[in-house]
Amino acid sequence: MKKFLSVLLVCIMLVGVIAMSGCTDTSNAAKPNFEMPEGGYDGSEVTITFYHTMGSNLSDVLNAYIEEFNKIYPNITIVSTQVGGYDDVRDTISTDITVGNQPNIAYCYPDHVALYNLAKAVVTLDTLIDSEIEVTRADGTTEIIGLTQAQKDDFIKGYYEEGQQFGDGLMYTMPFSKSTEVLYYNKTFFEANGLSVPTTWDELEQVCAKIKEIDPTCVPLGYDSEANWFITMCEQYGSDYTSATGDHFLFDNEQNRAFVKKFSEWYDKGYVTTQTLYGAYTSGMFVAQGADEIHSYMSIGSSAGATHQRPAKDDSGNYPFEVGIASIPQVDPANPKVISQGPSVCIFKKDNPQEVIASWLFVKYLTTSVEFQAEFSMASGYVPVLKSVAENETYAAFLANADGYNYVSALSAKVCLDQQEAYYTSPAFNGSSTARDQVGALLTKCLGYKTSDANIDAQIKKAFEEAMTYCEYYGG
């Protein structure tokens, strides 16, 4: 409740800013909101602030590349600032916007940008991306301000297109570092018992049943994010979830109620649990070794958390089992869909257009640098946003070491890169985070229903209706 009231207050303040500026239409414009000055970047001295969540190890990587960037553009000073977690960045910036003190660049998720856009605070990047104006670097060489076609094509498509999920076709963000969900499985157990890794949800149900027969005390599968599970199923089935335009909340439909009921049956049979129901990340079940502990043989969680899915070494210094990693199950393996997660970056409006251009040059530098993307990805556990990073000598050597033991992060990265054509992102609008929260809570609630109850369909229908009502009342 405290978090909700805080965000509500920020929204009220942002609307106030819009009202005072005389702007009564809060929808996004259909054309870019940044106009390039005639000469482009004029080389003037500017200071650019960058808000992010990086700890010391990642900040060390970033700072090394800031130094390299300063050699190229010595008049652009980058001030890197760590601001807690992702929600802290959002809340700090939302407050800063109300007094015109927002940073130049920030880590963001789509719903953060939708919130900032209530005050029209985020720069659309299309003019910058498409600019062919040349700038001269300190060493006398030149580059265009925008992206070449080769640079655009090098981005993993789903990651790049996340920046255009705001209902007007314009580009608001650039992908920085990404993750997704993967299926972790106990490869040692699977091989010992002749089990095949499931590629569909029907196969997953069959594998869970077999595992339950082998070890009745286990819960075969742990799924960390209830919200991701619901949203991914909508994407895989092609059923409605949300829309950035028109009626925003569309998830109350027959197909979605059907898969929720199916998963309730799985929970009833002891096949699956989730982070909320388990009370912690389900990786804890996956790495558990004691027969008296709740334990599992499969876990669906973040690809960036691979080391948390690896059991501790035993007294002899060996890992108790080998970790296998695969893509999550699909409704249709020929048309796979997996969620795109991890931070992007956005640029904020400033009175001085040179600050905006300088901010873009820095964003462009980080997001198109194969070397930075490779080094940052290896240090963070996230995957690079560029296809060509896989060909980088250092990163290729990292991937070549991939295994289910010491190099489980590399194994996770390989799976992520192999499925790069499958990534999707959901529409972003003011209220999209409310929808996400509500479908996660909805799925959790319905998993607890007894499917033997004659009223199960009515209970699920009521839960959907209540979630829809909440979204429509509080969601924007």
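Excluded from the calculations below are hydrogen atoms, water molecules and symmetry mates; all remaining heavy atoms, backbone and side chain alike, are included. All residue numbers in this chain count up from 1 along the given sequence.
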May I ask you to test the Y297-N193 pair for a side-chain heavy-atom distance under 4.5 Å?
no

Could you check whether any side-chain N or O of T95 sits under 3.5 Å from a backbone N or O of D91, counting only pairs where one atom can act as donor and the other as acceptor?
yes

Polar side chain donor-acceptor pair, N253 to S239, under 3.5 angstrom:
no

So, the side chain of N256 versus the backbone of D240: is there a donor-acceptor pair under 3.5 Å, distance only?
yes

Where the side chain of N33 meets the backbone of V122, is there a donor-acceptor pair that is under 3.5 Å apart?
yes

Do S264 side-chain atoms and T451 backbone N/O form a donor-acceptor pair below 3.5 Å?
no

Are Q330 and V338 packed together at the side-chain level, in the sense that at least one heavy-atom pair is separated by less than 4.5 angstrom?
yes

Near-ring test W201/F259, centroid separation under 6.0 angstrom:
no

Just wondering, do R310 and V287 contact through their side chains at under 4.5 Å, heavy atoms?
no

Are more than 12 heavy atoms from other residues, nucleotides or ligands located less than 6.0 Å from atom CG of N57?
yes

Short N-O contact, D252 and R257, less than 4.0 angstrom:
yes

Under 3.5 Å donor-acceptor, E466 side chain and M468 backbone
no

Please give me the minimum heavy-atom distance between T368 and L147, naming the atom from each residue.
CG2-CD2, 3.9 Å

Considering all heavy atoms, the nearest P329-Q236 contact
O-NE2, 3.1 Å

How long is the straight-line distance from CE of M285 back to CD of Q309, given to the nearest 0.5 Å?
10.5 Å

Check: Y473 ring centroid to F249 ring centroid under 6.0 Å:
no

Among S409, P384, C416, which one satisfies side chain to side chain contact (heavy atoms under 4.5 Å, CB included) with S377?
P384

Going by distance alone, is a donor N or O of one side chain under 3.5 Å from an acceptor N or O of the other, for T276 and E226?
yes

Tell me if the aromatic rings of Y223 and F263 count as close, with their centers under 6.0 Å from one another.
no

Intermediate values then yes/no, salt bridge (Lys or Arg N to Asp or Glu O under 4.0 Å), K210 and E213
CA-CA 5 Å; K210 291 178 181 177; E213 290 176 2; over 6 Å; no

With the side chain counted from C-beta on, respond yes when Q373 and Y395 share a heavy-atom pair under 4.5 Å apart, and no when they do not.
no

Smallest separation among heavy atoms of D268 and S452, with atom names
OD2-N, 4.2 Å

Check whether any side-chain heavy atom of W229 sits under 4.5 Å from a side-chain heavy atom of V272, and report yes or no.
yes

Kindly check if the number of other-residue, nucleotide or ligand heavy atoms within 6.0 Å of OH (Y319) is above 12?
yes

Just wondering, more than 12 heavy atoms not from K350 lying within 6.0 Å of its NZ?
yes

On a heavy-atom basis, the closest approach of S80 and H52 is OG-NE2, 2.6 Å

Look at the side chain of K349 and the backbone N and O of K120, then say whether any donor-acceptor pair between them is shorter than 3.5 Å.
yes

How far does OH of Y185 sit from CG of L204, to the nearest 0.5 angstrom?
13.5 Å

Validation row, ring centre Y159 to ring centre Y423 under 6.0 Å
yes

Which of these, R436, E235, M233, sits in a side chain to side chain contact (heavy atoms under 4.5 Å, CB included) with Y241?
R436

For Y86, does its backbone N or O pair with a side-chain atom of T53 as donor and acceptor, under 3.5 Å?
no

Distance check, rounded to the nearest 0.5 Å: D403 atom CG versus I325 atom CD1?
9.5 Å

Output field: ring centroids F372/F176 closer than 6.0 Å
yes

I'd like to know if the side chain of D126 and the backbone of P32 have a donor-acceptor N/O pair within less than 3.5 Å.
no

What I'd like to find out is whether the side chain of I156 reaches to under 4.5 Å of the side chain of K387, using heavy atoms alone.
yes

Would N455 and Y449 satisfy side chain to side chain donor-acceptor pair (under 3.5 Å), going step by step from the backbone distance to the final call?
CA-CA 10 Å; N455 296 321; Y449 294 156; over 6 Å; no

Before giving the answer on side chain to side chain contact (heavy atoms under 4.5 Å, CB included), spell out for M174 and Y160 the whole-Å C-alpha distance, their side-chain angles and the decisive distance to 0.1 Å.
CA-CA 7 Å; M174 289 292 288; Y160 187 78; 4.1 Å; yes

Could you grab the distance from atom OG1 of T92 to atom CG of N101, nearest 0.5 Å is fine?
11.0 Å

Does the side chain of Q164 come within less than 4.5 Å of Y172's, by heavy atoms?
no

Atom CZ of F189: over 12 foreign heavy atoms under 6.0 Å:
yes

Can any side-chain N or O of D88 pair as donor or acceptor with the backbone N or O of G85 at less than 3.5 Å?
yes

Mind running side chain to side chain contact (heavy atoms under 4.5 Å, CB included) on F50 and V345 for me, showing each step along the way?
CA-CA 9 Å; F50 177 24; V345 286; 4.1 Å; yes

Worked check of side chain to side chain donor-acceptor pair (under 3.5 Å) between Y424 and T232
CA-CA 9 Å; Y424 76 87; T232 294; 2.8 Å; yes

Closest heavy-atom contact between F166 and A428?
CE2-CB, 3.5 Å

If you look at every heavy atom in D224 and T282, which pair is closest and at what distance?
OD1-N, 2.7 Å

I'd like to know whether S225 forms a side chain to side chain donor-acceptor pair (under 3.5 Å) with E181, so could you lay out the CA-CA distance, the side-chain angles of the two residues, the decisive distance to 0.1 Å, and finally the verdict.
CA-CA 9 Å; S225 174; E181 290 183 325; 4.6 Å; no

CG on L62 to CG on L366, rounded to 0.5 Å:
6.5 Å

Is it true that the side chains of D111 and S432 contain a donor and an acceptor less than 3.5 Å apart?
no

So does Y382 get a backbone contact from the side chain of S179, meaning a donor-acceptor N/O pair under 3.5 Å?
no

Determine whether T434 and Y470 satisfy the following criterion, side chain to side chain contact (heavy atoms under 4.5 Å, CB included), listing intermediate values before the conclusion.
CA-CA 9 Å; T434 302; Y470 188 97; 3.9 Å; yes

Would you call S344 and Y109 a side-chain contact if the rule is heavy atoms closer than 4.5 Å?
no

Could you walk me through whether E465 and K461 pass the salt bridge (Lys or Arg N to Asp or Glu O under 4.0 Å) check?
CA-CA 6 Å; E465 291 170 350; K461 191 173 189 302; 2.6 Å; yes

Please work out which of the three classes, parallel, tilted or perpendicular, describes the rings of H248 and F429, given edges at 30° and 60°.
parallel

Apply the test salt bridge (Lys or Arg N to Asp or Glu O under 4.0 Å) to residues D130 and K152: give CA-CA distance (whole Å), side-chain angles for both, the deciding distance (0.1 Å), then the verdict.
CA-CA 10 Å; D130 295 335; K152 293 177 185 178; 3.2 Å; yes

Could you measure the distance from the CZ atom of F464 to the CG atom of L442? Nearest 0.5 Å is fine.
4.5 Å

